[in-house]
Amino acid sequence: MSAQTDTPGSVTSVYQVTGMSCGHCEGSVSAEISRLPGVSSVKAVASTGEVTVVSEAPLDDEAVRAAVDEAGFELAGQI
């Protein structure tokens, strides 16, 4: 797990998501992950497939996987 602490009480995790190709894709992934409890920000970048998530505590990988799947994409793993 490569989560890192940015500020007290927050954790930044970076995930690799396959299939994103445009801004709409970024928005869909961001919206689904943002619904997870404790998530304060999400930034998805279609060109690299990277999704950066800031949360109150480390997220459950299966919850992130389910959110990405709901958006119609595949979670390749955490970077």
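The basis for the numbers below is simple: all heavy atoms, side chains too, and nothing from hydrogens, waters or symmetry mates. All values reported here derive from a predicted model rather than from experimental measurement. Residue numbers run from 1 in the order of the sequence given.
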Checklist outcome for this item: Shortest non-hydrogen pair, C25 vs S21, comes out as SG-N, 3.4 Å
Next on the checklist: Going by side chain to side chain contact (heavy atoms under 4.5 Å, CB included), name the residues that satisfy it together with T52, two or more places apart in sequence or in a different chain.
Outcome noted: T12, V14
Checklist entry - Are any of the side-chain heavy atoms of V39 and V53 separated by less than 4.5 Å? => result yes
Distance-only donor-acceptor hits, side chain of residues 26-37, under 3.5 Å, sequence neighbours excluded:
from, atom 1, to, atom 2, distance (Å)
E26, OE2, A46, N, 2.7
S28, OG, H24, O, 3.1
S30, OG, E26, O, 2.9
E32, OE1, R35, NH1, 3.2
E32, OE2, R35, NH1, 2.7
S34, OG, S30, O, 2.7

What side-chain donor-acceptor pairs closer than 3.5 Å can you find for residues 65-72, not counting sequence neighbours?
from, atom 1, to, atom 2, distance (Å)
R65, NH1, L75, O, 2.9

Next on the checklist: Just so I know, are the side chains of L59 and Y15 near enough to count as touching, which here means a heavy-atom distance under 4.5 Å?
Outcome noted: yes
Checklist outcome for this item: Residue set satisfying side chain to side chain contact (heavy atoms under 4.5 Å, CB included) with T18, at least two apart, ordered chain then number -> E74, A76
Next on the checklist: For residues 12-22, which residue pairs pass the salt bridge (charged side-chain N to carboxylate O under 4.0 Å, His left out) check, not counting sequence neighbours?
Outcome noted: none
Item to check | Minimum heavy-atom distance V51-M20, with the two atoms named | outcome: CG2-CE, 4.0 Å
Checklist entry - Of the non-hydrogen atoms in E56 and V11, which two are nearest, and what is the gap between them? => result O-CG2, 4.5 Å
